[in-house]
Visitor: 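I have a structure here, written as structure tokens, and I will follow up with some questions on it.
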Amino acid sequence: MNNEVGFPYLDELNDIQRRAVTTLDGPVMVIAGPGSGKTRVLTYRIAHLIKTGVPPWEILALTFTNKAAREMKERIEKVVGPGAHRVWAGTFHSLFAKILRREAHRIGYPNDFTIYDTDDSKSVVNDIIKQMNLDKKVYNNAAVRSRISAAKSNLITPKAYANNEELMAYDRMNRRPLIYQIYEKYVAKCQRAGAMDFDDLLLQMFRLLYQNPDGVREKLQNQFKYVLVDEFQDTNHLQYETIKMFVNYQGSNENICIVGDDAQSIYSFRGATIENILMFENDYPEVQTFKLEQNYRSTQFIVQAANEVILNNKKQIQKKIWTDKIEGDKIKLIKALTETEEGKRIADNIIESKNRYNLRNNDIAILYRTNSQSRVFEEHLRRYNIPYRIYGGLSFYQRKEIKDAIAYMRLTVNDKDDEALKRIINYPRRGIGKTTIDNLTQLADDNEMSMWEILTKVEFSARAKKKMGDFVKLIQSFKQKAATSDAYETASYIVRRSGIAELLRSDPTPEGQARVENVNALLDGIKEFVEDDELDEGEEMMDKTMSAFLQTISLMTDADNDTEEQDVVTLMSVHAAKGLEYRSVYVTGLEENLFPSYMSLSSPEQIDEERRLFYVAITRAENYLTLSYAQSRYQYGQMRYNDPSRFLEEIGEGNFDSIISISKKPEFPQPKILGNFKKLGAAKAPAISPPSGDFQPSSPEKIKAGMKVLHQKFGTGEVKSVDERMVASIHFDQLQDNKEKRIMLKYAKIQILEN
DNA sequence: GGGGGCTATGGGGGG
DNA sequence: CATAGCCCCC
């Protein structure tokens, strides 16, 4: 049909996809269901732009992860050749950081600005709360930080915050009326430190465009003639306004293409809003919309289940995904008594299905709602010698020894970075104690200077002076080294001379040795960074400074260091799985209070988001989908009993493997407290205990064949027989393998329910 | 100033 | 259960 000469790739697309790819000018919106070839459309669209004569560097493609951007570039390259690498593709954060590294000096930041991670931000907030003498139990630093973050994401300045009655009323209600002051101080403090937090990378980019010093806005608008945004449903207000800055101007062709799926919006907790999709249609009335609904990924039962689940969300863009793939296998459900059993049975299932379906480890993913759930799976996979890799959780750069080493590098690059300074001023120990540091902090606050400035300018008592003088000299020697050497030489100099290397080596424990190796791995990483000589075609120069290195790593996520060569089972959170696909997927921990999370139970909007998250989870599967839940699990150090997730019931029974059914009735008398737990917003939930109060073990000799009994661990069951040694064979209702358990009555905690 | 042990507290997803 | 922060003692 489509034989356009020179564009053979267009033949690989269906009609709608092709139109989405070839409609190059003016605003375009692509609503793309899971597995509908979204990435293919984005990739080919960019390739098509280049093929029709648009220089790659005039294309700005904002993706959700660096990995996605990298993969996209590789695929574009296959179509158009080497020029592809000059496309500006990356995450909002990384591309904006790249631009800000050139332009930040125009808006009051050093070009070598530090990027504060969440811990740094929290610590800044902490300091301010302390400084203002506020009760840190009321002014919880995480809560305050997230208010500040939300304000920034909505383009609300500290001043505007103070004048916003809604925000102020909310804060008063939560007994935190002074957040606006903390916000103001926070902004000032970060700026003084020459530091941007993650939100600032977006916000300062916006400011740069808005304030337009030296015509930098026109320069950028002129450069990026085509703007594409992936996962648009996960952008926040600030991101959208920034995009508009690039696109909206006198004489603009408004060449913007957004791709997204409202049903997969799962990041509202960091300010993302589906409103952006509606706004888009308002802001660009000329928009041409394409809906991709054919799913090429999953077999029918999976697609069917996904549709059934998402139907429970009322606010949706009308859309129904379909597939012409085979019916495929039904969905399996694993019901476990405990989290440990869940881990074991999934590991068992992996072994079995690998044989039966001829799967490689790479075909398999285990997904969970919270990262802490990974532990049990890890244990069982290790026991079976199944190689795996965990994404998320504590990444390499979050490890203490790495952060310590990096703090030295940060301070060397940007001496105003107070968070880095505080981290290492007395690490390794050099006799600068709490009192001195408090003093220093106070002086810095009072004089609105950085701690480093105080260190270098203010006179201290003789003893303190000596110690601090030594520290200053040390850092100055690092600065000097950095000025004359590359990042690797500087870094290894720092690790040696700071005393970190020696300190770590002195710990002979395996953990200690692991820390040494980690720091060495960090140095190797820097070396690799420095020695990378692959200049992209047309690229001017490569930035090999330590500052550049620090910038790249602070925006790196776990998914970016992939080891795709290896054949391993993937373990990750559902959030992290967005955009990925596997032949066999396990979605685990499907319990009320966990998935959906207990944090979301109080609001219907948040439940809807959990549901979209579940929708994302199940649509990762190509051929085999297994769902699982445990009736009890340790949460926060206590055994908890949770109902099966409501989402399980939203999937029609017909989609499930008939052998296994969902048990609708709870096996244990459900603790009444659950109801309150939800309403109280989980502030102080008492431990949910096992049958406890109602459960009274009956004396062993009374238990006879034919009785209905309640076992503390296995739930209700029927006693089939009791032998002379007081061993009972009991059939428990909830155990799936129709077998009876042999229970030693002498030790068992069993209550007679009926004779 | 430094270190160790104890208690209280909070506990999600991520760039 | 993990961690932050506190208190106490050297």
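A, B, ... follow the sequence lines: proteins, then strands. Residue 1 opens every chain. Computed from a predicted structure; not experimentally measured.
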Visitor: It should be established whether A:T435 places a side-chain nitrogen or oxygen under 4.0 Å from OP1 or OP2 of nucleotide B:dG1.
Guide: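 So the side chain of A:T435 is within the cut-off, an N or O lying under 4.0 Å from OP1 or OP2 of B:dG1.
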Visitor: Between A:K422 and A:D120, is there a salt bridge with N-O shorter than 4.0 Å?
Guide: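 A salt bridge is absent here (no side-chain N lies under 4.0 Å from a carboxylate O).
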Visitor: Are A:Y267 and A:F64 an aromatic pair by the rule of ring centers under 6.0 Å?
Guide: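 Centroid separation for A:Y267 and A:F64: below 6.0 Å.
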Visitor: Looking at B:dG15, does its base get a donor-acceptor pair with the side chain of A:T65 below 3.5 Å?
Guide: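 For A:T65, whose side chain was compared with the base of B:dG15, there is no donor-acceptor pair (under 3.5 Å).
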Visitor: For the side chain of A:H93, starting at C-beta, report the closest nucleotide among C:dG5, B:dG14, B:dG15.
Guide: B:dG15
Visitor: Give one of base, sugar-phosphate or nothing for A:K136, where a contact means two heavy atoms less than 4.0 Å apart.
Guide: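 Sugar-phosphate, backbone atoms only, no base.
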Visitor: Provide, to the nearest angstrom, the distance between the CZ atom belonging to A:F64 and the C1' atom belonging to B:dG14.
Guide: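 Distance, rounded to whole Å: 7 Å.
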Visitor: Taking OP1 and OP2 of B:dG14, is either one under 4.0 Å from a side-chain nitrogen or oxygen of A:S573?
Guide: yes
Visitor: Specify the residue among A:I432 and A:R145 whose closest nucleotide of DNA chain B lies further upstream toward the 5′ end.
Guide: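 Its nucleotide being nearer the 5' end, the pick is A:I432.
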Visitor: For A:F377, does the six-membered ring have the charged nitrogen or CZ of A:K344 within the cation-pi criterion, i.e. under 6.0 angstrom from the centroid and within 45° of the normal?
Guide: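 No cation-pi geometry.
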Visitor: Report which part of the nucleic acid A:S554 touches: base, sugar-phosphate, or nothing (heavy-atom distance under 4.0 Å, all strands).
Guide: nothing
Visitor: Do NZ/NE/NH1/NH2 and the carboxylate oxygens of A:D234 and A:R270 come within less than 4.0 Å?
Guide: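 A salt bridge is absent here (no side-chain N lies under 4.0 Å from a carboxylate O).
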Visitor: Among B:dG14, B:dG15, B:dG13, which nucleotide has an atom closest to any side-chain atom of A:T370?
Guide: B:dG13
Visitor: Base, sugar-phosphate or nothing for A:F92? Non-hydrogen atoms, less than 4.0 Å.
Guide: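 No contact.
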Visitor: For a quick test of reading the model: is some side-chain N or O of A:N426 closer than 4.0 Å to OP1 or OP2 of B:dG1?
Guide: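 No, outside the criterion.
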Visitor: For A:F614 and B:dG12, what is the distance between atoms CZ and P respectively, to the nearest whole Å?
Guide: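 Atom CZ in A:F614 sits about 21 Å away from atom P in B:dG12.
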Visitor: Suppose we call a contact any N or O donor and acceptor under 3.5 Å apart; does that hold for the side chain of A:D199 and the base of B:dG15?
Guide: yes
Visitor: I want to confirm an ordering. Mapping A:R430 and A:E609 to their closest nucleotides on DNA chain B, which one lands closer to the 5' end?
Guide: A:R430
Visitor: Regarding A:N140, tell me which of base, sugar-phosphate or nothing describes its non-hydrogen contacts under 4.0 Å with the strands shown.
Guide: nothing
Visitor: Can a salt bridge be assigned to the pair A:D608 and A:R611 using a cut-off of 4.0 Å between side-chain N and carboxylate O?
Guide: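 Looking at A:R611 together with A:D608, the answer is yes, because their closest N to O distance falls below 4.0 Å.
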Visitor: Within 45° of the six-membered ring axis of A:Y139 and under 6.0 Å from that ring's centre, is NZ or CZ of A:K137 located there?
Guide: no
Visitor: Would you kindly check whether a donor in the side chain of A:E610 faces an acceptor in the base of B:dG13, or vice versa, at under 3.5 angstrom?
Guide: no
Visitor: It should be established whether A:N371 places a side-chain nitrogen or oxygen under 4.0 Å from OP1 or OP2 of nucleotide B:dG14.
Guide: yes
Visitor: For B:dG12, does the base pair up with any side-chain atom of A:R369 as donor and acceptor (N or O, under 3.5 Å, distance only)?
Guide: yes
Visitor: Phosphate oxygens OP1/OP2 of B:dT9: is one of them under 4.0 Å from a side-chain N or O of A:K137?
Guide: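 It does, given that an N or O in the side chain of A:K137 lies less than 4.0 Å from OP1 or OP2 of B:dT9.
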Visitor: Does C:dA4 have OP1 or OP2 under 4.0 Å away from a side-chain N or O of A:N141?
Guide: no
Visitor: Pick base, sugar-phosphate or nothing for A:T118, based on heavy-atom distances below 4.0 Å to the nucleic acid.
Guide: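 It contacts base atoms.
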